Amino acid sequence: MPPILSTRALNRATLARQRLLYRHDGTALQAIEHLVGLQAQAPIPPYFGLWCRLERFAAGELSAALLERRAVRMALLRNTVHLVSARDALPLRTLLQPVFDRALRNNASYAAALAGLDLTDLAERGQELLGTRALTSTELRPLLAGLYPDRDPQALVQALRNLLPLVQVPPRGVRGQGGQPTLMTATGWLGPTLNPAEGNPTSTLETLVRRYLGAFGPASVKDLQVWCGLTHLRGVLERLRPHLLTFRDEAGTELFDLPEAPRPPETTPAPARLLAAFDNLLLSHADRRRFMTAPAHQRLFSVKNGIFPHTFLLDGFVAGTWTLDQRREAAQLTIEPFGELSDAARSALTAEADRLLALAAADAGQTDVVFIDPRG
């Protein structure tokens, strides 16, 4: 029988790979590639996600990577917007195309509006429109309406999002700037900066699985499928089995792992960490008990409108949420724990909060860290 890994052992193993046991010295782009992207529905959370993992992260480093086309924002894993390196963008999108095909078939809000439409023709027209210029949905809708006057233009925009690898071009995602998502094809946007000689870090499902295990393992088949949105991946893991280690969790579920990946002792200290909203750490497993209790899971995943809050870890497990209120002259970071905090925990969280405020509110004249009493 494969050895059993306790919940705490799984916690420490994944924290080590997520660069959350201690901050690393690498660059933002290296971290983005190691993590196989960061979930990025909102523009700012990726900055916090890198900040809590890197020793010397500066916001300008990520902004520059986006402006210089070394990193992009695009729909990828689980058909959600992710921040990825330029060289990961097209290989990942190609492997994940079945996720987008499924959305195109199953989304009731626009599937009926596309019935009978020649999707190949739509993709070609979309490539012509978005291959050489970037357009917002507002700009794209009337152009599509002119081409397909009997179709819902918003449904056509949604269809193109699934048919083509589209990136959200800057200034979207650049710190201190805003604006609507503006779309362009990945080949159109990245063409000048793609270097085929560098090779693609992920060109097969096998390499995708190995990268997932390197950043999120040990993991089950279901964990892998929840992370990427693809189905029927058991066969890929079976092909890799001779090159992997296997374990069981406390419930008996089979887990796969890379032989060379870190698996620290479960007694390894885990520092307090402020995680970004939608942090991949908490959204990339079917079984999330390695990071949160059942009550914590209920609180986080019952939030309306699909908004996943900023959270914080104590001893490696989710122990509450935090918010940042920034104004021109002052910034306040509010910590809301799920239970009573020890003096040591408050001190550690305050130190992390002060460090985050130095990044997020460097120009504020006054910064404060406030704790909400969990007893109300």
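Every value quoted in this text rests on a predicted model; they were computed, and no experiment measured them.
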4.5 Å side-chain heavy-atom contact, [X] and [Y]:
X: Arg133; Y: Glu139; result: no
X: Arg87; Y: Glu33; result: yes
X: Val72; Y: Trp189; result: yes
X: Asp373; Y: Glu340; result: yes
X: Thr334; Y: Ile372; result: yes
X: Thr207; Y: Arg210; result: no
X: His297; Y: Phe291; result: no
X: Met74; Y: Leu166; result: no

Under a 3.5 Å cutoff, is there a donor and acceptor pairing between the side chains of [X] and [Y]?
X: Asn162; Y: Asn79; value: yes
X: Asp101; Y: Gln97; value: yes
X: Thr7; Y: Glu250; value: yes
X: Thr350; Y: Ser347; value: no
X: Ser6; Y: Glu266; value: yes
X: Thr14; Y: Arg290; value: yes

Using 0.5 Å steps for rounding, measure from the [atom1] atom of [X] to the [atom2] atom of [Y].
X: Leu35; Y: Arg19; atom1: CG; atom2: CZ; result: 6.5 Å
X: Arg299; Y: Thr321; atom1: CZ; atom2: OG1; result: 7.0 Å
X: Leu117; Y: Arg151; atom1: CG; atom2: CZ; result: 4.5 Å
X: Leu237; Y: Phe256; atom1: CG; atom2: CZ; result: 5.0 Å
X: Arg56; Y: Trp51; atom1: CZ; atom2: CH2; result: 15.5 Å
X: Leu283; Y: Leu77; atom1: CG; atom2: CG; result: 11.0 Å

Take a 6.0 Å sphere around [atom1] of [X] and say whether it holds more than 12 heavy atoms from other residues, nucleotides or ligands.
X: Glu260; atom1: CD; result: yes
X: Asn106; atom1: CG; result: yes
X: Arg327; atom1: CZ; result: no
X: Asp343; atom1: CG; result: no

Exercise. Determine, step by step, whether Leu333 and Leu274 satisfy the side chain to side chain contact (heavy atoms under 4.5 Å, CB included) criterion, reporting the C-alpha distance in whole Å, the side-chain angles of both residues, the deciding distance to 0.1 Å, and the verdict.
Key: CA-CA 11 Å; Leu333 194 150; Leu274 301 181; 4.2 Å; yes
[X] to [Y] - nearest heavy-atom pair and separation:
X: Phe48; Y: Ala276; answer: CB-CB, 3.8 Å
X: Val167; Y: Thr185; answer: CG2-O, 4.4 Å
X: Arg175; Y: Tyr47; answer: N-OH, 2.9 Å
X: Leu95; Y: Thr204; answer: CD1-O, 3.6 Å
X: Cys52; Y: Gly49; answer: SG-O, 3.4 Å
X: Ser85; Y: Leu29; answer: CB-CD1, 4.1 Å

Exercise. Quickly, which of Asp223, Val226, Val318 forms a side-chain contact (heavy atoms from CB on, under 4.5 Å) with Arg288? Name it, please.
Key: Val226
Check whether [X] and [Y] end up in the same hydrophobic cluster, where Ile, Leu, Val, Met, Phe, Trp and Tyr are linked by side-chain heavy atoms less than 4.5 Å apart.
X: Leu160; Y: Leu156; answer: yes
X: Leu163; Y: Leu230; answer: no
X: Leu359; Y: Leu357; answer: yes
X: Leu164; Y: Leu129; answer: yes
X: Leu140; Y: Met184; answer: no

Quiz item: Phe301 and Phe308: aromatic ring centres closer than 6.0 Å?
Solution: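 Yes, ring centres under 6.0 Å apart.
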Quiz item: Is it true that Trp227 and Tyr212 have ring centroids separated by less than 6.0 Å?
Solution: yes
Using a strict 4.0 Å threshold on nitrogen-to-oxygen distance, state whether [X] and [Y] make a salt bridge.
X: Glu254; Y: Arg234; value: yes
X: Glu352; Y: Arg355; value: no
X: Asp279; Y: Arg53; value: yes

Looking at [X] and [Y], would you say the former's side chain and the latter's main chain have a donor-acceptor pair under 3.5 Å?
X: Gln18; Y: Phe216; result: no
X: Thr311; Y: Leu275; result: no
X: Ser302; Y: Gln298; result: yes
X: Ser284; Y: Leu281; result: no
X: Thr182; Y: Thr136; result: no
X: Arg239; Y: Glu206; result: no
X: Gln332; Y: Leu324; result: no
X: His24; Y: Ala31; result: no
X: Arg172; Y: Gly179; result: yes
X: Arg73; Y: Val169; result: no

Quiz item: Pick from Arg211, Arg93, Arg70: which one makes a salt bridge (Lys or Arg N to Asp or Glu O under 4.0 Å) with Asp88?
Solution: Arg211
Quiz item: Checking Arg289 against Phe317: charged group under 6.0 Å from the ring centre and within 45 degrees of the axis?
Solution: no
Practice problem: Using the six-membered ring of Phe371, assess whether NZ or CZ of Arg346 lies under 6.0 Å from its centre and within 45 degrees of the ring axis. | Solution: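 Yes, a cation-pi geometry.
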Exercise. Begin with the C-alpha distance, continue with both residues' side-chain angles, and end with the deciding distance and a verdict on side chain to side chain donor-acceptor pair (under 3.5 Å) for Tyr148 and Asp121.
Key: CA-CA 11 Å; Tyr148 302 95; Asp121 180 73; 2.5 Å; yes
